[in-house]
Engineer: 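Sharing a structure below in structure tokens format, with a few things to ask.
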Amino acid sequence: MRAMLLRSPRTPLVLTALPEPRPGRGELLVKVGACGVCRTDLHVIDGELAHSRLPVVPGHEIVGVVAEIGAGVDGFGIGDRVGIPWLGYTCGSCAYCVSGRENLCDAARFTGFTIDGGYADYTVADSRYCFRLPSGPSDAELAPWLCAGLIGYRALRMAGDGKRLGIYGFGAAAHIVAQIARYQGREIFAFTRPGDSAGQQFARALGATWAGGSDEPAPTELDAALLFAPVGALVPKALRDVGKGGTVVCAGIHMSDIPRFPYEILWGERQVRSVANLTRQDGIEFIDLAQQASVRTSVVPFPLAAANDALSALRDGRITGAAVLTTA
Ligand SMILES: [Zn+2]
Ligand SMILES: [Zn+2]
């Protein structure tokens, strides 16, 4: 099968012929239809995250069909449509796992990082971490649900119930979260790279009340802020935009250093917090909610072999919505 392989950090992925993997006990062999390209993939490729396995097949927004079933798997049949997310394995017995916080498991394994992922024709996954997906949208349209959607949803929950929501960085996650937040009756204030009028237009088309550059102050006091851009300087910026009791949620796995800031912008019970990974419960809730809210993704498809082009386009801010690799 074809796979786009990361051999060492800060080098392009290499189109490689690998043997088709076989499902072990509890695993599914999945024929990949589409795999989303996530900012986390850039962090993996750039060597910004510790403990990556090398070589590794990146990709953790996988949609495909079950092609073969390992021993001991319950509840899946050949041909079933499944989604494979970032969270690929947890121990089930550590203090985090037994308290409903498997996203923080000390022994967790992650798809496309410490487990081979979906930049390939086939992948294997632990069936307990695979999701069932609705039948309507295409594989490419669904792929961004598996991380941008899921982790965006978790970030939205951590932001609390506030009505006026700032979103900083309007890419794949933001364009899904904005639809969910609008469905919940919230107002969206979208901050893009300064001068990105296309991105601001995109945000308004998805129902944002206001869209502007991240160098502009919020037009009104916000209740919460979601940071999807990996830019530490946005943390004090967002703290200045939220009112008393407001929460600033950092949703990415990696961020540049946060500049020092005066305590007064945190005072008033404002909070800064991160969101790490996902739980399977997040996935079940999000997939249900996304269907209720009729979430539609905007995707820019690339052939699997053009993964490096997709990654460059994401890095340069040239993607409106989500980049997705397709195997067809
Ligand atoms: Zn655990
Ligand atoms: Zn991701």
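Excluded from the calculations below are hydrogen atoms, water molecules and symmetry mates; all remaining heavy atoms, backbone and side chain alike, are included. Just follow the structure's listing: the first ligand is 1, and inside any ligand the first atom is 1. Being a predicted model, the structure only gives us computed values, none of them experimental.
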Engineer: How wide is the angle at the Zn ion (ligand 1) between SG in C94 and SG in C105, to the nearest 10°?
Structural biologist: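 Once rounded, the angle between the two atoms at the Zn ion (ligand 1) is 120°.
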
Engineer: Could you enumerate the protein N, O or S atoms under 2.8 Å from the Zn ion (ligand 2), written like residue then atom name?
Structural biologist: C38 SG, H60 NE2, C147 SG

Engineer: Give a yes or no on whether the backbone of T192 and the side-chain of Q200 come within a donor-acceptor separation of less than 3.5 Å.
Structural biologist: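 No, because the side chain of Q200 does not come within donor-acceptor range (under 3.5 Å) of the backbone of T192.
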
Engineer: Sequence neighbours left out, what pairs pass salt bridge (charged side-chain N to carboxylate O under 4.0 Å, His left out) with at least one residue falling in residues 286-308?
Structural biologist: none

Engineer: Are more than 12 heavy atoms from other residues, nucleotides or ligands located less than 6.0 Å from atom CZ of R182?
Structural biologist: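 12 or below, so no.
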
Engineer: Give the table of side-chain donor-acceptor pairs shorter than 3.5 Å for residues 259-275, with sequence neighbours excluded, one pair per line with atom names and distance.
Structural biologist:
| unit_1 | atom_1 | unit_2 | atom_2 | d |
| --- | --- | --- | --- | --- |
| R270 | NE | V242 | O | 3.0 |
| R270 | NE | G243 | O | 3.4 |
| R270 | NH1 | W267 | O | 2.4 |

Engineer: Does a side-chain N-to-carboxylate-O contact under 4.0 Å join R2 and D121?
Structural biologist: yes

Engineer: About how large, to 10 degrees, is the angle SG of C97, then the Zn ion (ligand 1), then SG of C91?
Structural biologist: 120°

Engineer: List, one per line, each side-chain donor-acceptor pair under 3.5 Å for residues 142-151, sequence neighbours excluded.
Structural biologist:
none

Engineer: Does the pair K237/D215 count as a salt bridge with the N-to-O cut at 4.0 Å?
Structural biologist: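 No, no charged N to carboxylate O under 4.0 Å.
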
